[in-house]
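Below is one structure, written out as structure tokens; the observations come after it.
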Amino acid sequence: MTQIAFTESEERQELRQAVARLASKYGREWFTEKARSGGKTTDLWLEIGKNGYLGINIPEEYGGGGGGIGDIAAVCEELSAQGCPLLLMVVSPAICGTIISRYGTEQQKQRWLPGICDGTGTMAFAITEPDAGTNTHNITTTARRDTLPNGESEWVLNGRKVYISGVDEADHVLVVARAEALSDDGGRTGQVKPVLFVVPTDAPGFEAQPIPMEIVSPEQQFTVFLDDVRLPADAVVGDEDGGLVQLFAGLNPERIMAASFSTGLARFALDRAASYAKERTVFHAPIGSHQAIAHPLAQSHIEIELARLMTQKAAALYDAGDDLAAGEAANMAKYAAAEAACDAADRAVQTHGGNGITQEYGMAGLLVATRAGRIAPVSREMILNFIAMHSLGLPKSY
Ligand SMILES: Cc1cc2nc3c(=O)[nH]c(=O)nc-3n(C[C@H](O)[C@H](O)[C@H](O)COP(=O)(O)OP(=O)(O)OC[C@H]3O[C@@H](n4cnc5c(N)ncnc54)[C@H](O)[C@@H]3O)c2cc1C
């Protein structure tokens, strides 16, 4: 069969169908029940792990599927589209899995990646801090070297992180901290650099407090306190001097995954709205026969498909190794997907009338869930800054 450039491969389409079938066994009602009762999505997480979908982007020799970001983004989107969005997919396999696969030592890959793939060793990611916010150059979590009496070296971490997703479900957190750069002869320089550390969530001095959020999701956000957390030398991911490059390696996957998370949620909202509009009759005919209802939903369908197309383009560029072009596309995809999702959720609520605000129909909860996509993992304003600077050549504004 002729492969047209902008269609996904048959294999990818089959992957989508298989994930959708699996997630539909759980469904939205299961997901919201878990969220409201303080339950977790562990069963679904482990089942997608067992089926090889969770680590589909990770090399086969470490328990993964040997696929690309396009594959794991498809998994993420289909879960969302069934009403079961799993934010930790963005974090554990896509950000942490990518960084460790690309830059971890052989020993680190063997140690962390199989658990990330089968879901038994989930890893959260912590960069955001209360005072630094979007300006991650200003993070103040510090990593200090300490030489033990036996001559071995340890790291001591101190600081605070906010909005860290899934700390309660993770065994480890990939933490971005600042360490003093050493000169070639090991002397002090006074300059700091970002370094990535794998921190066990049960380490002494590690504490996490849940942040009450308005999102209806079993996955929670936490404030993390690091108080003299001691780590062995090999807790540093890859090369101590390559922190920034290694961090950047996680950014495009993060954005592509966030876009997929949003387009999936948008598809879910639109699907529910279209079904409702076909059934609900008020004045003699289904409300979907009124253009005031039909046109906004049609508009959402167009916006979602455009965002999906850009997400697939970003993933294809990333998987082809074109990091620069992938960066622009991933930012645009993430922007377009968040906008499409917010509008689709709003229109879905409006289509449902009063039912749109009830817990029974569960539409209003989507307003906050989709709205978070405009803020995290990178805000729409920072994407517009990026596009203004890098695509349009305008001066840096901050
Ligand atoms: C649901 C959720 C999950 C999250 N999970 C994680 C996680 O797992 N790990 C993690 O590390 N972080 C996580 N975050 C944090 C997230 O990445 C940040 O919230 C986000 O980067 C914005 O930072 P901030 O909240 O500090 O906003 P601020 O930096 O305080 O920004 C506030 C507003 O000002 C705007 N602004 C700031 N600077 C500029 C500028 N120069 N130009 C224009 N506008 C500007 C921003 O766009 C934003 O609208 C999560 C957040 C949410 C909501």
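Because only heavy atoms are used, hydrogens play no part in the values below, and waters and symmetry mates are left out as well, while side chains stay in. Ligands are counted one by one from 1 in listed order, and the atoms in each one are counted from 1 as well.
- Under a cutoff of 6.0 Å and an axis angle of 45°, K161 and Y163 do not form a cation-pi pair.
- In terms of heavy atoms, A170 sits closest to T201 at O-OG1, 3.0 Å.
- Protein residues with a heavy atom under 4.0 Å from ligand 1 are F125, A126, I127, T128, G133, T134, Y163, I164, S165, I215, Q221, I375, A376, P377, S379, E381, M382, N385, Y398.
- Considering I72, V75, T98 as possible partners of P93, the one that fulfils the side chain to side chain contact (heavy atoms under 4.5 Å, CB included) test is I72.
- Side-chain contact between K193 and L244: absent, with no pair of heavy atoms (C-beta onward) separated by less than 4.5 Å.
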Under 3.5 Å donor-acceptor pairs involving side-chain atoms of residues 371-378, not counting sequence neighbours:
residue	atom	partner	partner atom	Å
R374	NE	E339	OE1	3.2
R374	NE	E339	OE2	2.9
R374	NH2	E339	OE1	2.8

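- Ring-plane geometry between Y26 and W30 is classed as perpendicular, the angle between the planes exceeding 60 degrees on a 0 to 90 degree scale with a lower cut at 30.
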